[in-house]
Amino acid sequence: MKLRSYYLWASLCLLALACEEPLPPSVTETGPPFEIETIVPQGDENYLNMDSDYIYDQSKLHTFELRISGPDLAQINSDPSAEEYVEAMLIFEGDTISPVGVRYKGSIGAFVNCLSGDDWSNPSGYKTCTKLSMKVKINWNDSDTQFFKLKKLQFHSMNLDPTQMRDRLGYWLFREMGVPAPRATHARLVINGTYVGLFALIEQIDGRFTRYHFENGKGNLYKEVWPLDASGDPLPNGAYIKALKTNEDDNPSESIMRSFAIQVNLADSVALRKVINNRMKLDEIMAYVAVDRTIRHDDGPFHWYCGGGDCSNHNYYWYEDPKEESLHLIPWDLDNAFENIINNVNPVTPIADAWGQTRNNCAPFNYGTFRSSQRSAACDKLTAGWASFTTEYQQALQQLKTGPLAEAQIIPLLDQWEKQIEAATLEADQNHADALSYQEWQNSLQQLKAQLDYARQN
């Protein structure tokens, strides 16, 4: 059965707590028995002499080829959730980069319905889908090799996105509004001579990202650590360092993040606004909130999931400017964005509250089809501080709706991207039984345009 239909069936069977339908056909390709070579660059290769803008050129649909030995491919296919690297060769526009590291990547959402294990909430088992998200590590074995000044490539499968546009469109909206966000485009991926399908090529958020997007780009980058805990207190010493994604080997200091957390913790409502103004770019964070809430990125930093006596959020990064000592919130993982704009389609992700509102005296409550436990985002002191800038938020919303979200701008852009990936989508549909069907893709694009129109009007 088609993957999207399988996902809808799986959601229903989870509700019924009974799943009798078999898993999709197993994909256990092993590939040829060739060995991975070490390729010594000659110095005139394009990937050495051009920068990353070429890779994320919005006018191009690049094709990337991976060659992985049969045993290594069988190894990662047997347990994708282990996310273990194996050696491979990367071929791109006549250049071969080898060896590189390759692994499957993702969390629950990336693996749902694509592994043989029975528990969707704890992915396990062998690969059962043609496409899975992949990461390519150019600087394999700690080499200094870079690929168009990048050290990693991320290919997102888009298995749960029948529009094939959410990542690319969401990040584009953030960037157009002045929010530092990953560059994103589409790419064709070939593995051992077989066209696997169309992927979203998403910029890795790492040191290369911070140096590209920030003038003072050598500061600390953190993944999924909030300044305050669920009680409103700064985290224990060393907790921020554990989330560090840059400068790990340089005797790093968490003093900038910690001082920000302490200031937020100690401030009253008036002082809190001053802290936010002093330590963040107000127009940037208001633009972040405006885009996030408009596209309903309900699986992001404003969804506080609760369980085991604690509540936390995810799918974001923080960057701290070492010169200005300012903090910047960076969006991540948008594959579930847009779908809840008109109705709460996703059974897990919907956020109950409008921006800045709270309920249940800030205690956890159940919400959504799956009755998942969450807490109101504005119960977090920092989020409540952002929500107090009502005028600035409305101005950012207006800028979004009359700017990049305007029909005259976004619809031609989507049409352009649609033409760019149409042949690749059709090719995948014709070659893989579990690929997104061309007709479903077309229907989903029309639905996405209706969702964008609704977002403009509401």
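Taking the centre and axis of the six-membered ring of W304, the NZ or CZ atom of R375 falls inside the cone set by 45° and 6.0 Å. By the 6.0 Å and 45° rule, R293 does not stack over the aromatic ring of F302. Within the cation-pi definition used here (under 6.0 Å to the ring centroid, within 45° of the axis), K245 does not qualify as a partner of Y317.
Within the model, atoms CG of L189 and CG of L198 stand 10.0 Å from one another, a figure rounded to the nearest 0.5 Å.
A disulfide bond (SG atoms under 2.5 Å apart) check over residues 422-458, counting only residues at least two apart or in different chains, returns nothing.
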For residues 379-387, which side-chain donor-acceptor pairs fall under 3.5 Å, sequence neighbours excluded?
unit_1 : atom_1 : unit_2 : atom_2 : d
D380   : OD1    : W226   : NE1    : 3.2
D380   : OD2    : W226   : NE1    : 3.0
D380   : OD2    : L382   : N      : 3.4
D380   : OD2    : T383   : N      : 2.8
D380   : OD2    : T383   : OG1    : 2.7
K381   : NZ     : V264   : O      : 3.1
K381   : NZ     : N265   : O      : 2.9
K381   : NZ     : A267   : O      : 2.5

Expected list for residues 393-404: side-chain donor-acceptor pairs under 3.5 angstrom, two or more places apart:
unit_1 : atom_1 : unit_2 : atom_2 : d
K401   : NZ     : N458   : O      : 2.5
T402   : OG1    : Q398   : O      : 2.8

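Listed by chain and residue number, nothing satisfies the ring-ring contact (aromatic ring centres under 6.0 Å, His included) test with Y222 (two or more places apart in sequence, or in another chain). Here F209 pairs with H213 under the ring-ring contact (aromatic ring centres under 6.0 Å, His included) rule; sequence neighbours left out. With sequence neighbours left out, F214 forms a ring-ring contact (aromatic ring centres under 6.0 Å, His included) with Y319, H328.
In this structure, F199 has its ring center no closer than 6.0 Å to that of F64. Taking the six-membered ring for Trp and the full ring otherwise, the centers of H314 and Y316 sit at least 6.0 Å from each other.
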